[in-house]
Amino acid sequence: MKNIFAIVAISALSLLSHPVLAASKQETKMLKSAAECTYVVQIAEENGVKLNNSSDTWANLLMQASDKLGLDAGAYYNEAKAKYESRARTMGDDNTLTKMIDNAQKCDRGL
């Protein structure tokens with residue numbers, strides 16, 4: 001899982017130099033991971049966690065990648081949000097927040 005965040009960052013940056021093409025399965029997965037990073041970093045920041053890369057950085061990266069791929073970043077962001085809301089219902093808020101902060105730190109190290 002740790003390596004996926006590094007791959008997300010590298011893949012997203014490489015997409016910025018290419019024209020819009022049909023999104024491959026790997027690019028779609030990358031966009032999904034970038035959306036999840038955007039969401040968890042935002043929540044971590046709201047809870048006082050200091051990271052090297054802000055949620056604004058992730059949001060910009062997500063938007064640029066989605067523009068290049070021609071995919072809806074909002075749908076992927078909402079999917080990530082729903083994932084953690086579902087987890088909160090089953091695992092509890094504290095457990096979910098801990099997991100989100102851990103994932104935000106992994107995202108931050110990967111970028």
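As a basis for the values below, the full set of heavy atoms in this structure was taken, side chains included, without hydrogen atoms, waters or symmetry mates.
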Checklist entry - In this structure, which one of Thr57, Asn53, Asn103 forms a side chain to side chain donor-acceptor pair (under 3.5 Å) with Asp108? => result Asn53
Item to check | Derivation and outcome, side chain to side chain contact (heavy atoms under 4.5 Å, CB included), residues Val40 and Trp58 | outcome: CA-CA 10 Å; Val40 297; Trp58 278 101; over 6 Å; no
Next on the checklist: Apply side chain to side chain contact (heavy atoms under 4.5 Å, CB included) to residues Leu31 and Ser66 and explain how you reach the verdict.
Outcome noted: CA-CA 7 Å; Leu31 195 61; Ser66 72; 4.1 Å; yes
Next on the checklist: For the backbone of Gly74 and the side chain of Asn78, can you confirm whether one donor and one acceptor N or O come within less than 3.5 Å of each other?
Outcome noted: yes
Checklist entry - Knowing that exactly one of Glu45, Glu46, Gln42 qualifies, which makes a side chain to side chain donor-acceptor pair (under 3.5 Å) with Ser55? => result Glu45
Next on the checklist: Within the 4.5 Å heavy-atom criterion, are Thr96 and Thr90 side-chain neighbours or not?
Outcome noted: no
Next on the checklist: Looking at every heavy atom in both Ala104 and Leu51, which two are closest together, and how far apart are they?
Outcome noted: CB-CD1, 4.1 Å
Checklist entry - Mind checking what makes side chain to side chain donor-acceptor pair (under 3.5 Å) contact with Lys32, not counting sequence neighbours? => result Glu79
Checklist entry - Roughly how far, to the nearest 0.5 Å, is the CD1 atom of Ile101 from the CD1 atom of Ile43? => result 10.0 Å
Next on the checklist: Do Met63 and Leu69 land in one hydrophobic cluster if side-chain heavy atoms of ILVMFWY residues count as linked below 4.5 Å?
Outcome noted: no
Item to check | All ring pair (Phe, Tyr, Trp, His ring centres under 6.0 Å) counterparts of Tyr76, not counting sequence neighbours | outcome: none
Checklist entry - What is the minimum heavy-atom distance between Ala88 and Asp93, and which atoms define it? => result CB-OD1, 3.5 Å
Next on the checklist: Ignoring hydrogens and geometry beyond distance, is a side-chain donor-acceptor pair present between Arg109 and Asn52 at under 3.5 Å?
Outcome noted: no
Checklist entry - So which pairs with a foot in residues 25-48 pass ring-ring contact (aromatic ring centres under 6.0 Å, His included), sequence neighbours left out? => result Tyr39-Tyr77
Checklist entry - Should Asn95 and Arg87 be marked as a side chain to side chain contact (heavy atoms under 4.5 Å, CB included) after you check the CA-CA gap, both sets of side-chain angles, and the distance that decides it? => result CA-CA 9 Å; Asn95 177 284; Arg87 182 185 176 102; 2.9 Å; yes
Item to check | Spacing of Glu36 atom CD and Lys81 atom NZ [to the nearest 0.5 Å] | outcome: 14.5 Å
Checklist entry - Within the side chain of Ser86, is there an N or O that forms a donor-acceptor pair under 3.5 Å with the backbone of Ala82? => result no
Checklist entry - Counting only N and O atoms by type, is there a donor-acceptor contact under 3.5 Å from the side chain of Glu27 to the main-chain atoms of Ser24? => result yes
